[in-house]
Amino acid sequence: MNIIRASENIADEKAYLYKSPVGKIFLCADGSNKYLTNLDFKADKKFIKKIIKDEIDNPNIIKKTKKELDEYFAGKRKTFTIDLALYGTDFQYLVWIETSKIPFGEVLTYSDIAKKVSNRAGSIARAVGLAEGKNPISIIIPCHRVVGKNSKLTGYGGGIENKEYLLKHEGFEIENLTIIKK
């Protein structure tokens, strides 16, 4: 997986529909169709002008993303090879890069990520949570693998029920929104 930092939002105005076990997912590529720029559970009406449902018109980056998501949900893929372009603040970018390193079947806390991206005294775990909430490419940049203290499942842009589903898919046992064992 190659991750580049975009200096501006380079997403195309088209979103491609992917039907997953957790519901509809909207995929966007950059204008050149070399990079995935967005994977979201909601179609953002501010940017997306057209939703493409037909598989025939999908650019290669979208076809590859759908194939790898199919493999992930079928239990045949644990890492992604999709090229990504991320647009965000310096801090968000650092958080997303660290989050992209969390292996399948493992979790880190917001505090763990905070320690990796900052040497400042004090807790910036909440800022990490806010950055994770702005993650433009969930699942592939696995913010569902970031949990609160005591392995408690907290916020997820795609809905807490989807975070729970994804973690169970990766082998975790969860009770009352808390990971009880792997």
Side-chain angles (χ1 to χ4, degrees), residues 1 3 15 17-28 36-44 65-82 84 86-182:
M1 175 168 52
I3 301 175
L17 181 64
Y18 172 73
K19 293 178 183 172
S20 79
V22 291
K24 292 178 182 176
I25 293 177
F26 299 92
L27 307 170
C28 297
L36 185 71
T37 59
N38 197 284
L39 183 158
D40 204 343
F41 293 91
K42 299 179 249 14
D44 188 340
T65 302
K66 288 180 176 183
K67 179 180 183 288
E68 290 194 12
L69 286 168
D70 284 343
E71 292 166 354
Y72 168 80
F73 285 115
K76 296 176 182 174
R77 175 172 292 278
K78 294 184 179 185
T79 59
F80 292 93
T81 64
I82 307 299
L84 310 176
L86 301 175
Y87 173 69
T89 67
D90 292 344
F91 182 75
Q92 288 170 335
Y93 185 75
L94 288 173
V95 169
W96 299 333
I97 292 298
E98 283 305 318
T99 302
S100 73
K101 297 174 186 176
I102 305 171
F104 180 98
E106 293 184 27
V107 293
L108 291 179
T109 66
Y110 294 97
S111 295
D112 293 334
I113 299 286
K115 290 173 191 166
K116 290 176 182 281
V117 299
S118 176
N119 60 3
R120 292 186 359 214
S123 173
I124 59 165
R126 286 185 185 185
V128 168
L130 291 172
E132 296 291 14
K134 299 280 186 185
N135 175 4
I137 307 177
S138 58
I139 302 175
I140 295 174
I141 296 180
C143 53
H144 62 279
R145 297 179 190 151
V146 183
V147 297
K149 291 184 211 173
N150 303 318
S151 298
K152 187 84 174 155
L153 274 58
T154 58
Y156 185 63
I160 199 74
E161 66 284 348
N162 287 338
K163 184 172 190 167
E164 182 175 9
Y165 177 93
L166 294 168
L167 289 171
K168 285 180 175 179
H169 172 70
E170 294 187 14
F172 291 95
E173 285 188 41
I174 298 169
E175 193 173 288
N176 296 321
L177 297 179
T178 302
I179 296 173
I180 53 174
K181 65 179 173 177
K182 168 81 172 133

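Because only heavy atoms are used, hydrogens play no part in the values below, and waters and symmetry mates are left out as well, while side chains stay in.
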Quiz item: Tell me, do L130 and R126 make a side-chain contact under 4.5 Å, heavy atoms counted?
Solution: no

Quiz item: Are any of the side-chain heavy atoms of V117 and I124 separated by less than 4.5 Å?
Solution: yes

What's the separation between atom [atom1] in [X] and atom [atom2] in [Y], rounded to the nearest 0.5 Å?
| X | Y | atom1 | atom2 | result |
| --- | --- | --- | --- | --- |
| L153 | N176 | CG | CG | 11.0 Å |
| T99 | L108 | OG1 | CG | 8.0 Å |
| H144 | S138 | NE2 | OG | 9.0 Å |
| L36 | I82 | CG | CD1 | 7.0 Å |
| N135 | L86 | CG | CG | 7.5 Å |
| I97 | I113 | CD1 | CD1 | 11.5 Å |

Side chain [X], main chain [Y], donor-acceptor under 3.5 Å:
| X | Y | result |
| --- | --- | --- |
| S118 | A114 | no |
| Q92 | T89 | yes |
| K42 | G157 | yes |
| Y18 | D70 | yes |
| W96 | A131 | yes |

Shortest non-hydrogen contact between [X] and [Y], atoms and distance:
| X | Y | value |
| --- | --- | --- |
| I179 | V147 | CD1-CG1, 4.1 Å |
| I141 | S100 | CG2-N, 4.1 Å |
| K66 | L27 | CG-CD1, 3.8 Å |
| L84 | M1 | CD1-SD, 3.4 Å |
| Y110 | G155 | OH-O, 3.7 Å |
| V146 | K163 | O-NZ, 2.6 Å |

Quiz prompt | Electrostatic pair R145-E170, nearest N-O below 4.0 angstrom | solution = yes

Practice problem: Before accepting this row, confirm whether a basic side-chain N of the pair E71/K76 lies closer than 4.0 Å to the acidic partner's carboxylate O. | Solution: no

Exercise. Could you walk me through whether E98 and L94 pass the side chain to side chain contact (heavy atoms under 4.5 Å, CB included) test, one step at a time?
Key: CA-CA 6 Å; E98 283 305 318; L94 288 173; 5.9 Å; no

Quiz item: Should the pair Y156 and F41 be assigned to parallel (<30°), tilted (30 to 60°) or perpendicular (>60°) ring geometry?
Solution: perpendicular

Practice problem: Look at the rings of Y72 and F80 and say which category their plane angle falls in: under 30° parallel, 30 to 60° tilted, over 60° perpendicular. | Solution: tilted

Exercise. Could you tell me whether the side chains of D112 and T109 share a donor-acceptor contact shorter than 3.5 Å?
Key: yes

Quiz prompt | Verdict with supporting geometry, I180 and F172, side chain to side chain contact (heavy atoms under 4.5 Å, CB included) | solution = CA-CA 8 Å; I180 53 174; F172 291 95; over 6 Å; no

Self-check item: Step-by-step side chain to side chain contact (heavy atoms under 4.5 Å, CB included) determination, F73 to L166
Solution: CA-CA 9 Å; F73 285 115; L166 294 168; 3.8 Å; yes

Exercise. Answer yes or no: does atom NZ of K152 have more than 12 heavy-atom neighbours from other residues, nucleotides or ligands under 6.0 Å?
Key: yes

Quiz item: Under the side chain to side chain contact (heavy atoms under 4.5 Å, CB included) criterion, do F26 and L17 qualify, and how do the steps go?
Solution: CA-CA 5 Å; F26 299 92; L17 181 64; 3.8 Å; yes

